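A short write-up of the structure that comes next.
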Amino acid sequence: MIKHTLTQLVHTALGTAQQVGDLPEFDLPVISVERPKDNKLGDYATPVALGLARFARMNPIKIADIITKHMGKPDFLAEISVARPGFINFRLTTDWLTQQVSRIIQAGDDFGKINIGQNKRVQVEFISANPTGPLQFGSGRNAIIGDVLANVFSAVGYDIQREYYMNDTGNQTLLFAQTLRSRYAKSLGKEDRFPFPKDGYPGDYLIEMGQKLADNVGTAYLDLADNESIATFQQEGLNYMVSHLKNEVATMNIHFDNWFSERSLYDDGTYQKIYQYLQEHDQLVKKDGAVWLKGNEDDENYVLVRSDGRPTYLASDIAYMYNKLVTRNFEKAIYILGADHHGYMSRLGTVAQILGLDEERVVIVMYQLVSLERDGKQVRMGKRSEFVPLSKVIEEIGVDATRFMLLTRSSDSQMTLDLSLAVQESSENPVYYVQYGHARIASIFRKAEAEGVSMKNADLSLLTNPSELDLIRHTLRLEEVLEYIALTLSPNHLTTYAQELATVFHRFYHDCRVISDDLALSAARLSLVKATQITLANTLRLMGMSTPEQM
RNA sequence: GCCUCGAUGGCUCAAUGGAUAGAGCAACAGCCUUCUAAGCUGUGGGUUGCAGGUUCGAGUCCUGCUCGAGGUGCCA
């Protein structure tokens, strides 16, 4: 990446300047190379001299001059200039820029990939909603953030595993099984046998599920022994829900590598193992008949085992983390959590400490909740209030628009979706603007083929129009954007980038006719258009969206 | 009470401690005989919630305050 090359050059120049005594001794700082807001200033810039003024006790302009003096003039740079109050600006040569077009075309689907991950194994766990019902719209945000982050981490060189953690044990599962049993009995006309449980799940899907079960097994499950009964309905319900969830996420272009069972942590001895570990490390306290985790701070006590002997979800979380980071030995475990789980954050850190794990291996991406409105009035979401299924929103506005909308905002910002406006807003969704760019390009190539114009043996040096060069600059940013997203865990930048790239392309399309009588120029421009298409397509794919050939 | 997050143009939002705070929508004015007008060009619109502080430089970091969302269970 050219940005890294520049960083390295500045770094070296600073070292040299110190060696020859042009600059006093100080620890070399982290050098930031950025894109200036105004591209008239240059393609890249560094404010490093500004930050050094204090340590060097020199005027930043003077420092900048010294740095540039020792940088020499690499052949990919047309100009290195110093601007007040001490920026160093770099301008790339047109030649270097235009050559990038062929690099992009050669890389094809791989363009944008970089290797900062060094193939380290990283797990992204996301959604992980209780398998007790269809996904709610709020889970969509979790889904998109997790899926796109996983895409980006793959692209920057990590070996990524996507995992869905199924809470298939505990209170909610029990209630779910009881509800299913009651629905099943009812569809056989035996509701008196198993009345609807208190706080049971009201959703219609359970009525359907009960009916299906009755169709499949008849009355066989009515007279199971007490200890078998609930377990059976749990298992049936879980199987049904998981296949349902798989289909549901598949409609959003999401595919998990693994569906991890919480219960398996108890069945395979992981829980017993960590319990023993915690006991040996004096982390457990018995109080009021329950077992508490001491934690590292006073007053940070959490219950691990209830007074009735059943472990809490915290027990599972500890065992699960152990499983991720020790048993399966992932370099890092990324958790995508909604703000309603933010209590987890400190807890997971505590858990890592207790297990003697480097806390940096636990990465938490927290996003603010999505609230829903209808005609400007808030719609309460929750298990027992109005339920807005994700699938319904997707049905109404489409996967691409849904994904894009959920991805645009930064994770930290709360977002509101007005259901009555969703359809209307989706029609002006910027995703279409981006996809239109891709479709336009496809159209250009259809035309080129029809007219026998090809991009073979293109002389890229013919690309000199500012719109053309600007387009090249923007395609090259993809690598930087991906690195930035991986570093900051902020996948929303992909949407901004996609829109900017589309804007620059549409402007180019307006300014420069691609297919013309000038065959040499046509070939060069077709190459540029190809490179743009590759970049747009890769960006859309990273966001999990389609790349239409026509619109 | 304590903890987390937010407040940026009429609306929805962006912005690596850097240069003149940017997009889209909405409003207004232009551009199709030409590869897709789901496009392009232009205009207006801002004391970045309030008050301090740190810094050469703050929308961004720190402190206090106001308003909003969420958390603070032997629920997950």
Side-chain angles (χ1 to χ4, degrees), chain A residues 32-38 41 45-47 50-51 53-54 59-60 83-87 89 128-130 132 167 170-173 175 262 287-292 299 302-314 316-317 338-346 366-369 371 378 383 405 408-416 418 421 425 427-437 439-448 450-451 453 480 484 487-488 490 492-493 495-496 499-500 502-503 505-516 522 525-526 529 550-551:
Chain A
S32 122
V33 170
E34 54 203 44
R35 297 255 180 182
K37 285 203 177 102
D38 185 351
L41 296 166
T46 178
L50 290 163
R54 163 193 282 221
N59 183 321
R84 53 133 212 107
F87 290 97
N89 295 321
S128 297
N130 276 355
T132 51
N167 299 106
N171 281 341
Q172 295 307 315
T173 329
L175 198 54
E262 178 185 7
K287 196 172 75 185
D288 305 330
V291 180
W292 299 65
D299 296 331
Y302 308 110
V303 170
L304 193 76
V305 185
R306 300 179 180 90
S307 46
D308 64 7
R310 289 177 304 134
T312 62
Y313 65 92
L314 176 62
S316 300
D317 284 343
D340 54 338
H341 285 68
H342 105 269
Y344 265 8
M345 287 183 68
S346 59
M366 202 186 78
Y367 62 91
Q368 296 300 308
L369 299 183
S371 57
Q378 184 159 9
K383 287 192 187 71
M405 180 177 62
T408 317
R409 277 93 163 169
S410 96
S411 309
D412 281 339
S413 92
Q414 290 163 216
M415 59 176 291
T416 306
D418 191 317
L421 289 178
E425 275 178 17
S427 63
E428 59 208 28
N429 194 309
V431 69
Y432 299 120
Y433 179 81
V434 177
Q435 290 179 321
Y436 182 56
R440 255 189 166 174
I441 292 173
S443 164
I444 293 173
F445 277 102
R446 283 192 294 272
K447 167 107 173 167
E451 302 201 356
V453 181
E480 293 163 23
Y484 182 69
L487 255 34
T488 55
S490 51
N492 59 303
H493 286 95
T495 62
T496 316
Q499 287 180 77
E500 283 168 2
T503 300
F505 168 71
H506 286 307
R507 196 176 296 145
F508 156 83
Y509 180 89
H510 182 261
D511 292 349
C512 303
R513 187 166 175 88
V514 178
I515 298 165
S516 68
S522 298
R525 285 186 172 162
L526 270 178
V529 166
Q550 277 181 39
M551 285 176 76

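Keep in mind it's a predicted model, so treat the numbers as computed, not measured. A note on names: the letters A, B, ... follow the listed sequences, proteins ahead of strands, and every chain is numbered from 1.
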If you pin A:Lys37 and A:Arg54 to their nearest nucleotides in RNA chain B, which one's is more 5'? A:Lys37

[N] versus [M] - spacing of their [atom1] atoms, nearest Å:
{"N": "B:A27", "M": "B:C65", "atom1": "C1'", "answer": "37 Å"}
{"N": "B:G18", "M": "B:C62", "atom1": "P", "answer": "15 Å"}
{"N": "B:G45", "M": "B:C3", "atom1": "P", "answer": "42 Å"}
{"N": "B:A14", "M": "B:G30", "atom1": "P", "answer": "34 Å"}
{"N": "B:A38", "M": "B:G57", "atom1": "C1'", "answer": "42 Å"}

Just checking A:His493: base, sugar-phosphate only, or nothing, at a heavy-atom cut-off of under 4.0 Å? sugar-phosphate

Using 4.0 Å as the upper bound for N to carboxylate O, is an ion pair formed by A:Arg310 and A:Asp308? yes

Does [X] put a side-chain nitrogen or oxygen below 4.0 Å from OP1 or OP2 of [N]?
{"X": "A:Arg409", "N": "B:A15", "answer": "no"}
{"X": "A:Tyr484", "N": "B:U16", "answer": "yes"}
{"X": "A:Arg507", "N": "B:U41", "answer": "yes"}
{"X": "A:Tyr302", "N": "B:U72", "answer": "no"}
{"X": "A:Ser413", "N": "B:A14", "answer": "yes"}
{"X": "A:Ser410", "N": "B:A14", "answer": "yes"}
{"X": "A:Arg440", "N": "B:A37", "answer": "yes"}

Nucleotide [N], atom [atom2] - distance to [atom1] of [X] in whole Å:
{"X": "A:Leu314", "N": "B:C75", "atom1": "CG", "atom2": "P", "result": "12 Å"}
{"X": "A:Met551", "N": "B:G39", "atom1": "CE", "atom2": "P", "result": "9 Å"}
{"X": "A:Asp511", "N": "B:G39", "atom1": "CG", "atom2": "C1'", "result": "12 Å"}
{"X": "A:Asn492", "N": "B:G24", "atom1": "CG", "atom2": "C1'", "result": "15 Å"}

How about CZ on A:Arg446, more than 12 heavy atoms from neighbouring residues, nucleotides or ligands closer than 6.0 Å, or not? yes

Under the side-chain contact (heavy atoms from CB on, under 4.5 Å) rule, what do A:Gln414 and A:Leu369 come out as? Steps first, then yes or no, please. CA-CA 6 Å; A:Gln414 290 163 216; A:Leu369 299 183; over 6 Å; no

Checking understanding here: a glycosidic angle within 90° of 0 is syn, the rest anti, so what is B:C65? anti

Ring of A:Phe87 versus six-membered ring of B:A19: centres under 5.5 Å and planes under 30°? yes

